[in-house]
Amino acid sequence: MTRIGSILAAAAAMVLIPIGAAGAATDDGTLTPHDQEKITELRSCLAPADGATRTLEVYYLTDASGSLFAEHDDHPSDPEFVRADVLGNSLTQVATLPGVSSRYASGYFGTGFVPGTAWTGVTPASGGALANEIRAQESLGSTDWAAGLTGASDAFTAVDSTDGCKLLVWLTDGRLDLGDPADTARARAELKSDDGPLQALDDDDVTTIGVMLNREGSDSAAAADEMRPLVEDTADGIFLNAHGPSDLAFLFMKLGAQLAGGAEGELDADGGFWIDPGVSRFVLASPQSGVLTKPDGTVWQSGASGTEAVIGGATQITQTIDVGMDVGKWHWTGAGGGIVYRFSGLALTMDPENALVVGDARGLEGKVIRVADDGMATPLDLDDYEFTIDITAIDGATAKIGPENVAADGSFTVPWSTPTDEDDLNTVARITDLTTVGHDLRLEDVVSQPQTVKVKAVSAFPTVELVSVSHIAGTHGVAEIEVRLTAPVNGMGSVMLPAPPTADQITDTAPADRSATWDADGPDQTDIELAAGESKVVTYTLANSESANADASFSLDFTTYDADQTDHGVQLDVTVPTTKPFDLAQFGWLLVILLVVGTLLPLAALWAMNRQAAKITTGRNLLRAEFPVRLTADGLTGTEIDLRSEEVGADHFKNEPPREAVKRLDDPVLGSLVALTPKSPFGDPWFEIRPRPGFRVFAPDAQGSVARRGVYVGGGAAPFGGVLGRVWALIVPEAELSGKTANEAVIGTLVVYQVSRAGADQFSARLSEVLQTKLTAKLAAARASLQNATTATTASSAPGALREPPPRDDASAPIPQRTLSSGRGSEGPPPPRSNDDRAAGGTGRAAAPTRSGAPTGASPSRSTPTPSTDPEQRPRGAPPRDRSSSPTTGADGPPPPPPPRRRS
């Protein structure tokens with residue numbers, strides 16, 4: 001066993017030994033960093049290790065000089081034999097170490113050395129036997145440390161224990177003194193020499209715990225100063241300085257709990273302390289007696305789950321936690337206060353098969369377990385803790401993981417850096433920063449046994465190499481993949497073969513999905529043994545019934561083993577070419593497709609560009625006005641304002657919000673203004689005003705769709721130039737058109753858009769341009785269209801008539817109805833007919849037309865439109881203008897009468 005392993009083992013022996021006073025190198029019992037390190041090593045030695053039984057050998061070397069006995073000294077250091085109870089109780093605790101086979105022996109020194117109990121197995125009765133033996137031992141005169149330590153060293157040498165943990169507990173009450181100064185100097189020199197007993201104990205991997213029991217009236221400071229360097233420096237052990245028997249007992253209780261893995265915690269001002277889920281047990285140590293109260297308010301009593309020890313006036317209570325009853329806040333009432341030590345019950349084991357390979361990135365595996373006091377595993381709930389697991393090597397290399405990398409069963413893998421040489425790695429794993437989740441209670445670090453991790457060269461493993469790969473030709477071809485396996489250079493080995501690749505493991509570059517038709521096969525034997533110098537070739541096959549000019553790629557993951565069964569992974573990346581015979585017919589079709597695609601794609605792109613570019617130009621500084629109007633043969637006149645007067649101004653032309661160019665714009669009166677693209681990529685886009693259902697729209701002539709000429713003639717839509725600032729249109733309810741004759745005035749709403757510009761006459765100039773345009777011919781055509789639709793509907797509804805749907809004018813889809821407003825912003829729809837138009841006693845018949853074409857009784861117009869100077873403005877598809885119209889008005893003549901209704 002290595003020196004570091006021995007130290008760890010000895011410290012672990014003290015884990016459950018109340019003599020844990022070892023390590024209190026300061027006068028107040030505080031552990032120094034050196035002592036803490038020794039305690040960690042001791043705890044690590046007896047940590048669980050793969051179920052194997054660990055061994056512990058403890059030797060008790062006790063001072064029997066006269067200064068300890070009342071009959072030999074006026075101021076004895078321990079007249080009540082407290083030392084016997086302390087050391088006996090410590091041996092009793094050794095008997096409870098789970099998974100540990102322990103032996104003990106004893107010896108006494110004074111002027112010389114006297115052996116006590118020879119090496120014997122530890123049982124629950126051993127502690128009492130040792131205590132009785134110490135009480136029965138008589139005084140041996142003066143104090144010869146060298147004689148006692150030589151006897152202890154010889155006792156360890158006499159036993160064959162190279163793999164166990166060794167611990168020496170050396171208790172004395174005074175300095176080295178043989179009476180004769182020359183003899184004392186000789187003994188002191190022997191202790192410090194490289195051939196002395198302390199050095200021999202250290203060489204034999206024995207951990208020494210030296211305890212100085214000071215006595216009243218003695219030169220205790222000088223004795224402690226002499227003993228400390230011998231223990232800490234020469235023996236590389238732990239030194240404890242106790243001020244009297246009671247202090248000795250209290251220090252052993254405290255430090256024994258620390259060596260057992262307890263984390264020290266203070267009590268509240270009222271003596272309270274918390275116990276959270278995740279705490280397996282606690283130890284309460286107090287220099288005096290007191291009362292312990294449980295979380296439910298009852299007084300604690302010793303029993304099956306808790307014990308109490310009172311030694312030298314000091315009290316130690318050990319309680320195993322029942323999560324259902326003992327979690328909560330406890331209280332201790334005692335004059336001397338106390339210290340609580342909490343235990344996690346966690347242990348850390350590392351996989352004994354851990355090994356590293358040069359150039360191979362892998363991790364070190366281990367497991368977190370929870371162990372009860374009887375050594376049995378108990379359920380583990382890692383959610384009760386916060387922690388970090390780190391592995392540290394002697395060379396200083398370290399790696400860490402958090403709780404998120406630990407499985408629910410406690411297993412984990414710590415990634416380790418890829419080694420570059422074959423030097424073995426000496427490591428220790430720790431659980432650090434361990435706290436409970438409930439109240440953030442600190443728990444002691446958990447340390448694993450040291451592990452020597454073998455680092456092996458790649459040459460210690462069989463080699464795996466790809467020999468050849470054939471290709472898959474057509475639908476019946478089969479590819480063969482040959483792999484050569486060769487034994488290690490200096491020994492035997494084995495290879496575990498992977499299964500053939502499955503369809504989801506194959507990456508195929510073929511354009512079509514061939515995953516369902518892959519057929520892979522491999523060797524029947526999966527475990528290949530290779531003798532020294534032997535080489536074997538194994539073959540995998542791959543086929544596919546669907547041919548393609550492509551590559552199929554996959555990986556084969558081999559596991560190689562050396563003579564020690566250490567594994568090493570080898571991955572082979574395989575690419576299998578697949579070919580398809582030339583198909584002339586398929587090539588011809590491909591050529592046709594390419595020609596078609598080469599033609600259609602540019603046309604489609606051109607059409608898409610046209611469609612994207614076809615947008616209504618809106619711009620900024622846009623104004624909009626709407627006016628209730630009457631249309632007669634004389635033209636448009638306002639019903640509420642003279643459109644030619646100076647009253648028309650900014651109160652009527654309202655600012656429109658700025659807009660980006662759009663493909664569709666909804667006007668509350670006109671309906672929808674849309675940009676349209678022809679199906680032909682060479683056609684020009686056009687723009688339309690599409691009225692709401694039940695309305696017809698009329699606007700100046702503009703370029704539109706030839707296919708929709710019939711719609712334009714009937715007022716079902718009106719083309720415009722695409723610039724919103726140049727748009728104006730008249731919207732008329734269909735009821736106005738169908739319910740009146742050609743000579744009657746038609747009531748509608750005029751909507752005018754304009755781009756704001758400087759000048760006071762901008763509004764009059766815009767309206768003058770609007771009023772010059774003749775719309776009567778368009779209204780007449782729309783009226784005729786409505787009458788024809790009505791006649792067709794009546795005829796189809798007659799008995800025996802074929803029922804056909806009325807012709808549609810292909811107006812836009814319905815849009816939400818909105819109330820028309822006047823130019824002054826008043827609400828309400830325009831009246832279908834004015835009161836002046838309803839003549840002849842309201843019979844519903846139109847009044848007789850006058851010579852001017854205006855109905856009898858019509859109100860005089862507020863404005864007289866200027867005769868148009870434009871040539872005939874007849875929309876495409878509208879009826880020709882009647883040249884016999886009145887020369888007085890210059891208006892168009894009435895449209896031809898509708899065809900006679902079909903008689904049934």
Side-chain angles (χ1 to χ4, degrees), residues 14 18-39 60-69 73-79 82-83 86-87 90 108-110 142-149 152 167-179 181 184-185 187-192 196-199 201-202 207-256 258-259 287 312 314:
M14 290 298 295
I19 56 173
T26 58
D27 290 340
D28 62 357
T30 303
L31 292 176
T32 66
H34 173 269
D35 298 332
Q36 290 283 11
E37 179 183 352
K38 294 303 168 185
I39 290 174
Y60 291 93
L61 178 61
T62 308
D63 190 344
S65 61
S67 57
L68 286 156
F69 299 87
D73 198 294
D74 294 337
H75 300 286
S77 57
D78 185 22
V82 173
R83 63 188 181 279
V86 170
L87 299 181
S90 74
Y108 305 89
F109 66 91
S142 57
T143 307
D144 188 350
W145 293 347
L149 292 170
L167 175 65
L168 168 65
V169 180
W170 168 28
L171 173 66
T172 186
D173 73 331
R175 64 188 305 175
L176 176 65
D177 184 6
L178 299 181
T184 301
R188 183 176 293 112
E190 181 182 357
L191 290 174
K192 294 180 181 180
L198 285 175
Q199 186 61 51
L201 289 167
D202 187 36
T207 298
T208 299
I209 298 179
V211 184
M212 172 60 69
L213 175 60
N214 291 293
R215 62 191 179 94
E216 184 181 356
S218 66
D219 188 6
S220 59
D225 290 343
E226 184 176 15
M227 184 179 185
R228 187 194 310 271
L230 293 175
V231 174
E232 292 184 347
D233 298 337
T234 306
D236 193 24
I238 301 172
F239 175 75
L240 169 66
N241 193 14
H243 300 282
S246 178
D247 187 39
L248 176 69
F250 184 47
L251 288 178
F252 270 46
M253 292 175 181
K254 292 190 300 179
L255 298 176
Q258 288 181 304
L259 290 168

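A quick note: this is a predicted structure, and the numbers were derived from the prediction, not measured.
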Can you sort out the partners of P229 under side chain to side chain contact (heavy atoms under 4.5 Å, CB included), two or more places apart, ordered by chain and number? D233
Side-chain heavy-atom pair Q199, L201 within 4.5 angstrom cut-off: no
Considering only heavy atoms from C-beta outward, does the side chain of F252 approach that of L240 to under 4.5 Å? yes
Would a 4.5 Å heavy-atom cut-off, applied to side chains only, mark T172 and V211 as touching? no
side-chain hydrogen bond (donor to acceptor under 3.5 Å, both in side chains) against S142, all qualifying residues, sequence neighbours excluded: T111
Go through the structure and list residues passing side chain to side chain contact (heavy atoms under 4.5 Å, CB included) with A147, not counting sequence neighbours. F113, D144
Grab the two heavy atoms, one from L251 and one from A242, that are nearest each other, plus how far apart they are. CD1-CA, 4.0 Å
So which heavy atom on W145 is nearest to which on R175, and how close? CZ2-CA, 3.5 Å
Does R83 make a cation-pi contact with Y60, if we ask for NZ or CZ under 6.0 Å from the ring centre and within 45° of the axis? no
If I compare all heavy atoms of D173 with all of S67, which pair ends up nearest, and what's the gap? OD2-OG, 2.5 Å
With side chains defined as the heavy atoms from C-beta onward, is the minimum distance between V169 and L61 less than 4.5 Å? no
With E190, which residues qualify under salt bridge (charged side-chain N to carboxylate O under 4.0 Å, His left out), at least two apart? R186
Closest heavy-atom pair, T143 versus L176, reported as atoms and distance to 0.1 Å, is O-CD1, 3.5 Å
dist T184:OG1 -> L178:CG (nearest 0.5 Å) comes out at 4.5 Å
If we only count heavy atoms from C-beta on, is the L167 to I209 side-chain gap below 4.5 Å? yes
Can you name the side-chain hydrogen bond (donor to acceptor under 3.5 Å, both in side chains) partners of T62, sequence neighbours left out? none
